[in-house]
Amino acid sequence: MKIGILGGTFDPIHNGHLYIATKAMEQFELSKVLFIPTAVSYMKTGVSSANDRYEMTRLAIKDRSKFEISDLEVFRGGNTYTCETIEELRKTYPDDKLYFIIGTDTLFMLEKWRNYEYLFQELIFVVASRDNDRLDQQKEKAEELKKKYDAKIKFLKANQYDISSTLIRAQFKVTEPAYRVKPDCPDTVIRYAQENHIYDMEEFEEDEIIALLKVDLKPKRIIHSFGVRDTAVKLAEIHHLDVEKARLAGLLHDCAKYLSTEEKLALCREYDYPVSEIEIKNPELLHAKAGAAYANKKYEIEDEEILDAIYYHTTGKPAMDPISLVIFISDYIEPGRHHSDKLDSFRKIAEETLEKCAALILEETLIYLNSRPGNQIKAVDPQTRQSYEYYKLYLEEKE
Ligand code: DGI
Ligand code: FE
Ligand code: FE
């Protein structure tokens, strides 16, 4: 027999896993696929219990006669090395061909695995790649392993699938009805997770926020958000501020960037946020205020300092809170920004005096906005002007 093996944390199992198992079965004419939920060290927090992960996996495949679940690893506690699992499996399947399904990242790690030479001898590896970009590198690595160890490595022909357990967990955690979407996993799993509150009682982890943001934002905006997060964290450390608040505010500051004008206006109305004339004419500006509402409503951020930082990140305001100041500045100077040759000097000043850096940024912004008078899009928001009036004092002080 040819037997497929798909191991994973399965927290939770989702349709991407089932798709891969199905594709592998077709391509390699497997008699069955064994799903092996892994044990997770008790030291690792935030992973659902072995029992729940096992149960969800069992439910997901129970109507598929060629999919089987194995409890070889999940109830053992602590990590199980794959070589131990394979030795166990060999007792049941002494002469069968074992097709072991791995992801792209694993392909590059195989030589770190315990007894990998034994594994190369026993297993046919099936690479289910998630990103086709590195396909050349993957093929190269496979050739190398084939030469060195006589490894048997095959590539799964399947469409790219963009589902991750992280995103699914995050989707379970969204409680606001308007933003709930059906997670991409079997209904039996959804029901089990909901009835047993596997995910919805927990707070968002950062990787889950990122997974949701990747749906809300474009890839370039994600990179920018990481830049703002990292810059904000660094500045918070230097200036002895709350690093975790800076991190979250930086990550989420542009979360409403791609909402429609109607959605942004509706959020501002719902939260009683004032909307200025300029903002109506130039709804792009609204993503800051709407972002504060969106971060609260969808991402369940309740901290006022974080929400304020998002609210004021585009225009600033007089006498900002330190976290707001850090986000306002980080948005302008994060490493992905290249719009002005003054940025490097601003980056240095930010490490010394936040207020002075804010003043310089506001000055630059006003110069930029005034560079084309009459351009509606560049009308100065009163808030930007007031921020400048306040912070410019920090420029004079030094002179
Ligand atoms: O969302 P980002 O692109 O990361 O950055 P942002 O939220 O600071 O928005 C940047 C844009 O906002 C930039 O093109 C300058 C513009 N801006 C800042 N203050 C004002 C302004 N635009 C207008 N019309 N009026 C302002 O007062
Ligand atoms: Fe922004
Ligand atoms: Fe930004």
Side-chain angles (χ1 to χ4, degrees), residues 209-210 213-214 216-233 235 246-261 263-264 267-268 273-295 299 306-318 320 323-340 342-343 346-347 350 357-392:
I209 291 184
I210 292 169
L213 271 180
K214 282 183 175 168
D216 275 330
L217 304 179
K218 297 181 182 169
K220 264 185 157 171
R221 187 61 48 182
I222 290 288
I223 294 170
H224 164 66
S225 302
F226 288 167
V228 175
R229 173 197 62 189
D230 297 343
T231 306
V233 163
L235 290 178
R247 178 194 299 281
L248 271 177
L251 197 54
L252 284 165
H253 80 284
D254 274 338
C255 66
K257 194 80 179 176
Y258 301 105
L259 297 183
S260 67
T261 302
E263 279 176 287
K264 284 184 282 194
L267 278 167
C268 289
Y273 293 159
V275 173
S276 72
E277 197 84 2
I278 305 259
E279 284 168 325
I280 303 256
K281 282 198 192 123
N282 186 5
E284 159 69 19
L285 281 171
L286 277 174
H287 79 278
K289 289 177 181 175
Y294 197 54
Y299 292 86
I306 298 177
L307 296 176
D308 268 7
I310 300 173
Y311 189 101
Y312 293 112
H313 85 262
T314 304
T315 60
K317 74 161 177 174
M320 282 180 263
I323 297 291
S324 294
L325 200 51
V326 161
I327 299 304
F328 178 79
I329 292 168
S330 302
D331 193 20
Y332 201 85
I333 65 169
E334 61 98 357
R337 298 283 206 199
H338 305 286
H339 54 280
S340 152
K342 296 187 178 151
L343 285 183
F346 287 9
R347 287 176 182 126
C357 187
L360 290 164
I361 290 172
L362 285 159
E363 192 174 56
E364 280 295 300
T365 301
L366 287 176
I367 291 170
Y368 164 78
L369 292 173
N370 289 325
S371 64
R372 283 210 235 144
N375 186 339
Q376 286 278 340
I377 300 291
K378 290 183 177 176
V380 178
D381 192 288
Q383 188 81 258
T384 308
R385 162 111 22 230
Q386 286 163 24
S387 306
Y388 176 67
E389 291 303 323
Y390 177 88
Y391 282 100
K392 75 176 185 195

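In this text, all values refer to a predicted model and were calculated from it rather than measured experimentally. In each ligand, atom 1 is the first atom listed, and ligand 1 is the first ligand listed.
Ligand 1 is approached by H287 to a heavy-atom distance shorter than 4.0 Å. Contact analysis leaves R385 out of contact with ligand 1, as no non-hydrogen atom separation drops below 4.0 angstrom. Taking 4.0 Å as the cut-off, R337 counts as a neighbour of ligand 1 on heavy-atom distance.
The proximity of A379 to ligand 1, defined as any non-hydrogen pair under 4.0 Å, is limited to the backbone. Within the 4.0 Å heavy-atom criterion, neither part of I278 lies near ligand 1. At a 4.0 Å heavy-atom cut-off, ligand 1 touches R221 through the side chain alone. With a 4.0 Å heavy-atom cut-off, ligand 1 is reached by the side chain of D254 but not by its N, CA, C or O. Residue K257 touches ligand 1 through its side chain alone, judged by heavy-atom distances below 4.0 Å.
Partners of K289 under the side-chain hydrogen bond (donor to acceptor under 3.5 Å, both in side chains) rule, at least two apart in sequence or in another chain, are E279. Residues forming a ring-ring contact (aromatic ring centres under 6.0 Å, His included) with H338 (at least two apart in sequence, or on another chain): none.
Of the listed options L362, N282, T384, T384 places a heavy atom closest to atom 27 (O) of ligand 1. The option from D331, V228, T315 that lies nearest to atom 5 (O) of ligand 1, judged by heavy atoms, is D331.
Here salt bridge (Lys or Arg N to Asp or Glu O under 4.0 Å) pairs that include residues 331-340, with residues two or more places apart or in two chains, are D331-R337.
Less than 2.8 Å away from the Fe ion (ligand 3), the protein contributes these N/O/S atoms: H224 NE2, H253 NE2, D254 OD2, D331 OD1.
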